[in-house]
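Working notes, structure below.
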Amino acid sequence: MKKISFLLLLSIAVFAQEKHRPQLHFTPASMWMNDPNGMFYANGTYHLYYQYYPKSTVWGPMHWGHATSKDLMHWEHQPIALYPDSLGMIFSGSAVIDHQNTSGLGRNGHAPVVAIYTSHNMDWEKAGRIDRESQSIAYSLDGGQTFSKFVGNPVIKNPGIADFRDPNVSWYAPGKKWIMALATQDRETFYSSPDLKNWTKESEFGAKFGAHGGVWECPDLFSMQVDGKTKWVLIVNINPGAPNGGSGAQYFVGDFDGHQFIPQDEETRWIDYGRDNYAGVTFHETGDKRIFMGWMSNWDYATVVPTASWRSANTLARDLTLKNIAGKYILASMPVAAVSDYAMKAQTIKSNKRIQLPTALQRLSGKLPVQDFSITLSNTKGEKVIIGFEAASNRYFVDRDASGDLGFSNKFAGKTYAPRLSKSDSIDFTLITDVASAEFFADGGLSVLTTIYFPSWPFKNLKISAAKGLPFLLEDLKPSM
Ligand code: FRU
């Protein structure tokens, strides 16, 4: 009897602690996480590093945490990869495999994994010094498990710009050199290097393009094939200044010649219009595929969200493609195909009927004529999140005004919108819900809304309202742990 009540109390305590823990999305085992960093694929394993503070559930001296996965869905925690040092905290950056050992840091024929990151000197920041951020490198001779700092750090000194960070490096084959995209306050600065140690400034982009409601952070520059052509995509995260407030990921499509980036037009576009997809960049070394992952939070409230023992999850990994919409190249993102390997039980459901869900981890997909519709997820406490489309304004929306705990920040509640970019006369969508998040992909991923929420009890009721009743596919997903 005593044993039973102890177990009951224990499980209630665990539930209270963990009730907002996603089951399929990556979260740190405990403590604080922000941006994904240095992601790459090698020998059948995806490596994910992330901004991590192992001593608190709020931001602090940054390390690079580390996790690995075979399928981008199930992640295994690994020991911390990079610790702060005398140059400062380890801010965001990227990692490359130096196949040709251009850096000379490889040994015995093994290509080194080289991490390129920002050293942030907090003492200098506190002293008001503008040169507090510089770029450093560290190398791994065991495939990304452990790293040694390069003795010649920093490899790029600060030229007098306070926000000078988040280097993203890749090999530019036509020019046989490394290219770095670096966020430098209100623009990107591109550098090149023959060996990852000596860097030359090539050009700047963006002072007159894109959104400028905040600081530019976490860039990514890569090429993609579309219509038999090579186009270049430049992701530029910005905080604040996103279309629905706070942090967001804008991007530009254009051309890059090894020196300069030229965008296709002057429009500002967003990978995701939801409030909870920030600092997203792509995995390196994935061949023709481009796989994106973001931090599923927003600096407007990230440090106060009501999770007890850890903070933040990442978005699901997403495949990026370029689509030609009325002569412009638009980035579309969809969850990686491996999600389907986690689909267990499928059922066809009709609109305008309330469905009882067995778990709060579900995939819902469907196709319907362009019309108003809404998908309501709710619990018996009257809490709900509503996702849908407003034909009159041609916008998708997410409404988390009554989604549960809202009191931790006055910037959390509200309705967010994404424009419909597709010209097609039907809407297709995929919605993945995982305990405390919803990722909504419409029109093959042209319009995306990612949102987090904190209900007091899991959302296990579902209702789709649409004038023209149609069948939708509902699948239970299985947790990754
Ligand atoms: C973005 C960011 C980066 C920085 C890191 C620090 O969320 O501000 O610009 O490198 O977080 O943790």
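Computed from heavy atoms alone, side chains included, the values below leave out hydrogens, waters and symmetry copies. Ligands are counted one by one from 1 in listed order, and the atoms in each one are counted from 1 as well. Just so you know, residue 1 is the first one in the sequence shown, and it goes up from there.
Less than 4.0 angstrom separates some heavy atom of S92 from each of these atoms of ligand 1: 5 (C), 10 (O). Near M62, meaning under 4.0 Å from one of its heavy atoms, ligand 1 places the atoms 12 (O). Atoms of ligand 1 lying under 4.0 Å from at least one heavy atom of W299, given by number and element, are 1 (C), 7 (O). Annotation for ligand 1: atoms under 4.0 Å from non-hydrogen atoms of Y278 are 1 (C), 7 (O). Close contacts of ligand 1 with Q51, meaning ligand atoms under 4.0 Å from a residue heavy atom, involve 5 (C), 6 (C), 12 (O). Per-residue contacts place D166 under 4.0 angstrom from the following atoms of ligand 1 (heavy atoms of the residue considered): 3 (C), 4 (C), 9 (O), 10 (O). Atoms of ligand 1 lying under 4.0 Å from at least one heavy atom of F91, given by number and element, are 4 (C), 6 (C), 10 (O).
At a threshold of 4.5 Å between non-hydrogen side-chain atoms, the residues Y172 and F256 count as touching.
Judged purely by atom type and a 3.5 angstrom limit, R311 uses its side chain to pair as donor or acceptor with the backbone of V305.
Annotation: F283 is in aromatic contact with Y46 [ring centroid separation under 6.0 Å]. Ring centroid separation for the pair F441 and F429 does not come in under the 6.0 Å cut-off.
Using a 4.0 Å cut-off between charged side-chain N and carboxylate O, K177 and E202 make a salt bridge. Taking the charged nitrogens against the carboxylate oxygens, R129 and D131 do have a contact shorter than 4.0 Å, which makes a salt bridge.
Scanning all protein heavy atoms for the shortest distance to atom 8 (O) of ligand 1 gives E217 OE2, 3.0 Å.
Residue-level proximity to ligand 1 for N34 is carried by the side chain, the only part with a heavy atom below 4.0 angstrom.
Counting only non-hydrogen atoms, the option in N239, N298, D35 that gets closest to atom 11 (O) of ligand 1 is D35.
Just one residue in the list N34, D300, N298 forms a side-chain hydrogen bond (donor to acceptor under 3.5 Å, both in side chains) with S247, and that residue is N298.
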